[in-house]
Amino acid sequence: YGKGIRTVRLLNYIDYNKKKAVETLEKELGWRNYGGKHYESVFTQFFQAYYLPTKFNIDKRRAHLSTLICSGQITRDEALEELRKPLYTPDLLEEHRTYVLKKLGFSAAEWEAIMRTPPASHRDFPSNERAIELLTSIKNSLS
């Protein structure tokens, strides 16, 4: 900023349409839908469809669907219908849970203990977040 350098967020200037993007990926690259955003691996699906909603009450679909509503690509009713769908079938959840626990080296008892502990915020741990917020505030006031 002091040297006249400016950030240009290029993606803010692209007309993104999810449906068209999916069609292009499937047609031109042979991509296949994994069934959910970031479900490309067992771990990422387990993290987003089980761990975050169960431990932290975070359903990432809400934010993803909200952006589609705001851009006029779906209606609120369509989003609500999508949110009514289960994140996992019981059989697939158990299969993925077994796989992830094995990969992470947790026993079922250790995992259940982790899931029962109260969630902690990132603010509960040391970081330089406050300094960054202060510097960002100063930078924004000078702009």
Kindly compute the distance separating [atom1] ([X]) from [atom2] ([Y]), expressed to the nearest 0.5 Å.
| X | Y | atom1 | atom2 | value |
| --- | --- | --- | --- | --- |
| S41 | F47 | OG | CZ | 11.0 Å |
| E81 | R84 | CD | CZ | 4.5 Å |
| F46 | L101 | CZ | CG | 6.0 Å |
| Q45 | L93 | CD | CG | 9.5 Å |
| L68 | E82 | CG | CD | 10.0 Å |
| L135 | I132 | CG | CD1 | 8.0 Å |

Quick note, side-chain hydrogen bond (donor to acceptor under 3.5 Å, both in side chains) partners involving residues 22-40, not counting sequence neighbours, are none
Tell me the side-chain hydrogen bond (donor to acceptor under 3.5 Å, both in side chains) pairs involving residues 52-74, sequence neighbours left out? K55-T117, D59-R61, S71-Q73
For L65 versus A79, what's the shortest heavy-atom pair and its separation? CD1-O, 3.7 Å
Nearest heavy-atom neighbours spanning S107 and E110: N-OE1, 2.7 Å
Close side-chain approach of L87 to P53, heavy-atom, < 4.5 Å: yes
E78 side-chain N/O to T75 backbone N/O, donor-acceptor pair under 3.5 Å: yes
Verify, without hydrogens or angle tests, whether N17 (side chain) and K20 (backbone) share a donor-acceptor contact under 3.5 angstrom. yes
Hydrophobic clusters here meaning ILVMFWY residues chained together by side-chain heavy-atom distances under 4.5 Å, can you tell me if V100 and W111 are in one? yes
Any chain of hydrophobic side-chain contacts (each under 4.5 Å) joining M115 to I58? yes
Tell me, which pairs form a ring-ring contact (aromatic ring centres under 6.0 Å, His included) where one or both residues lie in residues 77-98, sequence neighbours left out? Y88-H96
Hey, would you say the Y51 and F56 ring centroids sit under 6.0 Å apart? yes
Step-by-step side chain to side chain contact (heavy atoms under 4.5 Å, CB included) determination, Y13 to V8: CA-CA 9 Å; Y13 296 94; V8 177; 4.1 Å; yes
Residues L104, F43; criterion side chain to side chain contact (heavy atoms under 4.5 Å, CB included); working and verdict: CA-CA 10 Å; L104 294 176; F43 183 80; 4.2 Å; yes
Show your working on side chain to side chain contact (heavy atoms under 4.5 Å, CB included) between S137 and N140 and close with a plain yes or no. CA-CA 5 Å; S137 173; N140 289 340; 5.9 Å; no
I'd like to know if E112 pairs up with R97 as an ion pair, taking the criterion as any Lys NZ or Arg NE/NH1/NH2 lying under 4.0 Å from an Asp or Glu carboxylate oxygen. yes
Please determine whether side chain to side chain contact (heavy atoms under 4.5 Å, CB included) holds for the pair I114 and F106, giving the CA-CA distance in whole Å, both sets of side-chain angles, and the decisive distance to 0.1 Å. CA-CA 10 Å; I114 289 168; F106 291 125; 3.6 Å; yes
Would you say the side-chain atoms of E94 and T98 include a donor-acceptor pair closer than 3.5 Å? yes
